[in-house]
Amino acid sequence: MANDGKPVAARRGMLGLLGAAAAAAPAAAIDPNGNRGDLPNRPESEAEKRRPRYRETDHVRAFYRTNRS
Amino acid sequence: MARLVFLCDSERCIECNACVTACKNEHEVPWGINRRRVVTINDGRPGERSISMACMHCTDAPCAAVCPVSCFYGTEDQLVLHDKDLCIGCGYCFYACPFGAPQYPRVGNFGGRGRMDKCTYCAGGPQQDNTPSEYVQYGSNRIAEGKLPLCAEMCSTKALLAGDQAIIADIYRERVQKRGFGSGAWGWRTAYRTTLEV
């Protein structure tokens, strides 16, 4: 198995894929310097910025309920 | 109108750091920054207590008071958010914050520190909700999805509470009445100018 080279090459291919995934991952993370990169600027208006964001959904009510016990 | 708060019940916190990990993972916070951290007092001695700490979204926030470019703004439900497009990285907010919440990710040439990063209460920032631009600058926006901050939702001992102040105070009061003691709502006097009567 070790002599024909094919399984070794397959394993190395997998490692290459993992490396590519690791290199791509930081692109999705928060930019350390707070920039947007090439992403479009989609600012909220002054009223949108300050609007109330909280909604008491079923999800939120379930959180409150489970914390009471 | 709801007033959103955090409350850490230090009688329940076991310093597992799940809140810290959940936050870092949810928002993909870069190396060197923690939006939330766990502080332990009297470590290894009788009376040891741990407190999970992040931006408390203060009433009359000192970070906003000292910011020279007014990059902080308050929402109607009293979250203190910041605009990274305005921030100049001067560091005043870091010194003003009683909880040490604002963090500076990098030190570059001539001491430039990029833009401050802090807890957003999982509510994003001044970009349109749940857009890639919002995510890359501020992290995920769970509040827009009708959820609460992941740190509180992940807490296995239910030590960290988040939500409407009136309901959170009720939950804490019920706990103290049941178990007969409590360390108080840590940070509430400083952050919200109120204490929790039990």
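Only a predicted model underlies this, so the values are computations on that prediction, with no experimental measurement involved. Every chain is numbered from 1 and lettered A, B, ... according to where its sequence line falls, protein lines coming before strand lines.
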query = Heavy atoms under 4.5 Å from chain A: which residues of residues 53-63 of chain B carry them?
reply = none

task = Taking heavy atoms only and a threshold strictly under 4.5 Å, list by residue number the residues of residues 33-41 of chain B that touch chain A; give 'none' if the list is empty.
result = B/Arg35

key: Nearest non-hydrogen partners of B/Ala2 and A/Tyr54, listed with the distance   = CB-CD2, 3.4 Å

key: Least distance between heavy atoms, B/Ser133 atom then A/Arg42 atom   = OG-CG, 4.4 Å

query = Is the closest basic N to carboxylate O distance between A/Asp31 and B/Arg115 below 4.0 Å?
reply = no

query = What's the verdict on side chain to side chain contact (heavy atoms under 4.5 Å, CB included) for B/Ile168 and A/Tyr64, showing C-alpha distance, side-chain angles and the deciding distance?
reply = CA-CA 8 Å; B/Ile168 296 302; A/Tyr64 292 148; 4.0 Å; yes

query = Looking at B/Asp170, B/Thr131, B/Ile167, which one has more heavy-atom pairs under 4.5 Å with chain A than the rest?
reply = B/Ile167

query = Between B/Thr75 and A/Arg51, which heavy-atom pair has the shortest distance, and what is it?
reply = CB-O, 3.9 Å

message = With side-chain contact (heavy atoms from CB on, under 4.5 Å) as the test, pick out the partner of A/Pro52 among B/Ile143, B/Leu4, B/Asp77.
response = B/Asp77

task = Begin with the C-alpha distance, continue with both residues' side-chain angles, and end with the deciding distance and a verdict on side chain to side chain contact (heavy atoms under 4.5 Å, CB included) for B/Glu174 and A/Asn67.
result = CA-CA 10 Å; B/Glu174 279 173 23; A/Asn67 274 280; over 6 Å; no

inquiry  = For B/Tyr73 versus A/Lys49, what's the shortest heavy-atom pair and its separation?
reply    = CE1-O, 3.4 Å

query = Does CZ in B/Arg189 sit with more than 12 non-hydrogen atoms of other residues, nucleotides or ligands closer than 6.0 Å?
reply = no

ask   = How long is the gap from CD on B/Glu145 to CZ on A/Arg55, to the nearest 0.5 Å?
value = 9.0 Å

ask   = Hey, which of B/Asn141, B/Asp85, B/Val29, B/Asp83 has the most heavy atom pairs under 4.5 Å with chain A?
value = B/Asp85

query = So which of B/Asp164, B/Leu79, B/Asp117 has the largest heavy-atom pair count under 4.5 angstrom toward chain A?
reply = B/Asp164

note = For B/Val136 and A/Asn35 the tightest heavy-atom approach is CG1-O, 3.9 Å

task = Working to the nearest 0.5 Å, report the span between CZ of A/Arg50 and CG of B/Leu81.
result = 9.5 Å

message = Does atom CG (A/Asp38) have a neighbourhood of more than 12 heavy atoms from anything else shown, all under 6.0 Å?
response = no

